2 protein chains.
Amino acid sequence: MKRNDVCEERCIHQDMVRKVKEKMLEEDVFNHLSRDFKTLGDPTRVKMLFALFLEELCVCDLSSVLGLSESAISHQLRIMRDRNMVKYRREGKMVFYSLSDHHVVQLLKIGVEHARE
Amino acid sequence: MKRNDVCEERCIHQDMVRKVKEKMLEEDVFNHLSRDFKTLGDPTRVKMLFALFLEELCVCDLSSVLGLSESAISHQLRIMRDRNMVKYRREGKMVFYSLSDHHVVQLLKIGVEHARE
DNA sequence: TTTTCATATGAATAGATGCTCATATGTTCA
DNA sequence: TGAACATATGAGCATCTATTCATATGAAAA
């Protein structure tokens, strides 16, 4: 028979655990949160976002700045579009990308501070 | 013959690209940065960090809070120890973990704000 | 010392992910 | 319309990663 939540014994600090469980956020919030961090958790994407923080750029520009294929850049842009981290505007054949969210800028700034220490 | 950086033609906005390239941070900074974000980019780890933000907890407590095996928790703790995101203290047979870095708290807070919108 | 318990860790595996290549879409210009 | 070009996307593959299971370590109690 499987031990259930209530009759935990062993090393568990029941009071602490109960208290923490009550204060934990909803599953969805954690999933959303970790998905956003994961999006920032790739060197290519973080470079792209930093570049877009400096200037609005087209796919070709990003490709040149990062030294990666336009296909690779475009795939990553799609991911960041889906996560609402970048927005775009079309101008003729080109598509210009820029950051869509001020939170991204905040996260980048804090991250850079931390990374530099 | 491969086209080099200087004689790019096509769609590239040379001035912008040059400007952005100059302002880009060092490779190491981006790698460190993305590694930190990646560490936050997993539901299990983000839950663990949030729980540790609420209370100092032992492995067994975290296992109970998250509903995951102690082995899984321990593996994740090791990753976060290596990234200097959590610290620990031994007390008898138990090891208590807590957050080691105020940046982590900042990142979590901004992330939660964003995730909730 | 030996046993017990809390934690740590190595190996294995299933699933996720980033890039490349080929191809499709959509816009401009001839 | 058709050619040229910028971007987007699907498939495939190599790599990475989170968990499980088995085992090791380390501390306390018997």
Side-chain angles (χ1 to χ4, degrees), chain A residues 3 8-14 16-17 30-31 34-49 52 56-83 86-98, chain B residues 3 8-14 16-17 30-31 34-49 52 56-83 86-98:
Chain A
R3 186 166 46 197
E8 288 291 354
E9 304 191 15
R10 313 199 319 123
C11 60
I12 296 177
H13 303 83
Q14 305 253 19
M16 290 292 196
V17 169
F30 285 121
N31 287 340
S34 59
R35 207 193 54 168
D36 285 351
F37 281 127
K38 181 176 269 177
T39 306
L40 291 162
D42 173 81
T44 297
R45 285 192 294 267
V46 99
K47 282 178 207 166
M48 288 171 69
L49 290 170
L52 294 176
E56 183 192 53
L57 297 167
C58 69
V59 175
C60 201
D61 293 342
L62 282 166
S63 165
S64 171
V65 169
L66 299 221
L68 272 176
S69 73
E70 287 158 32
S71 176
I73 295 293
S74 190
H75 274 294
Q76 298 296 11
L77 282 169
R78 193 162 88 89
I79 291 170
M80 297 196 282
R81 259 188 284 130
D82 291 349
R83 311 293 200 262
V86 298
K87 60 175 189 267
Y88 61 97
R89 67 183 174 86
R90 189 154 214 138
E91 194 171 295
K93 276 178 280 188
M94 287 182 293
V95 178
F96 286 89
Y97 281 86
S98 55
Chain B
R3 185 166 46 195
E8 287 291 355
E9 304 191 15
R10 312 200 320 123
C11 60
I12 297 176
H13 303 82
Q14 305 253 21
M16 290 294 197
V17 168
F30 285 122
N31 287 340
S34 59
R35 206 192 55 168
D36 285 351
F37 281 128
K38 181 177 267 176
T39 306
L40 291 161
D42 174 81
T44 297
R45 284 193 294 267
V46 101
K47 281 178 207 165
M48 288 170 69
L49 290 170
L52 293 176
E56 184 192 51
L57 296 166
C58 70
V59 175
C60 202
D61 293 342
L62 282 166
S63 165
S64 172
V65 169
L66 299 220
L68 271 176
S69 73
E70 287 158 31
S71 176
I73 296 292
S74 191
H75 275 292
Q76 299 296 9
L77 282 169
R78 193 161 88 88
I79 290 169
M80 297 196 282
R81 260 188 282 128
D82 291 349
R83 312 291 201 263
V86 298
K87 60 175 189 270
Y88 61 97
R89 69 183 174 85
R90 188 154 214 135
E91 194 169 294
K93 278 179 279 190
M94 286 182 292
V95 179
F96 287 89
Y97 282 86
S98 55

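If you're wondering where the values come from, they're calculated on a predicted model, not measured in any experiment. Every chain is numbered from 1, with letters handed out A, B, ... down the list of sequences.
- Side chain of A/S63 to backbone of A/V59: no donor-acceptor contact under 3.5 angstrom is found.
- Counting to the nearest Å, the P atom of C/dT17 and the CG atom of A/D82 are 13 Å from each other.
- The SG atoms of A/C58 and B/C11 lie 2.5 Å or more from each other.
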For this session: Summarise how protein sits on nucleotides 25-30 of chain D as a single string, 5' to 3': B when a protein heavy atom is under 4.0 Å from the base, S for sugar-phosphate-only contact, - for no contact.
Result: --BS--
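- Listed here is the closest heavy atom pair of B/L66 and B/T44: CD1-O, 3.6 Å.
- When rounded to the nearest whole Å, the span between OH of A/Y97 and P of D/dA6 equals 15 Å.
- With hydrogens and angles ignored, the 3.5 Å screen pairs a side-chain donor or acceptor of A/R45 with a backbone N or O of A/T39.
- Nucleic acid contact for B/F96: none, since no nucleic acid atom lies under 4.0 Å from a heavy atom of the residue.
- Separating the CE atom of A/M94 from the C1' atom of C/dT25 is a distance of 17 Å, rounded to the nearest angstrom.
- Distance A/L77 CG to D/dT9 P: 10 Å, rounded to the nearest Å.
- For the pair A/G41 and B/K38, the tightest heavy-atom approach, listed with the atom from each and the gap, is O-CE, 3.1 Å.
- Here the shortest heavy-atom pairing between A/V86 and A/L77 reads CG2-O, 4.1 Å.
- Remark: P of D/dT9 and CD1 of A/I73 are 15 Å apart, rounded to the nearest angstrom.
- If you take CG of A/N31 and P of C/dA16, they are 13 Å apart, rounded to a whole angstrom.
- Residues B/Y97 and B/R81 bring a donor and an acceptor atom of their side chains to less than 3.5 Å of each other.
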For this session: Mark up nucleotides 12-24 of chain D, 5' to 3', with B wherever a protein heavy atom is under 4.0 angstrom from a base atom, S wherever such an atom reaches only the sugar-phosphate, and - elsewhere.
Result: -----SSBBBB--
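- A/R78 has no side-chain polar atom (N or O) that falls below the 4.0 Å cut-off from OP1 or OP2 of C/dG18.
- Aromatic ring orientation, A/H13 versus B/F96: tilted (interplanar angle from 30° to 60°).
- Residues B/L68 and B/L62 form no side-chain contact, since every pair of their non-hydrogen atoms from C-beta on lies 4.5 Å or further apart.
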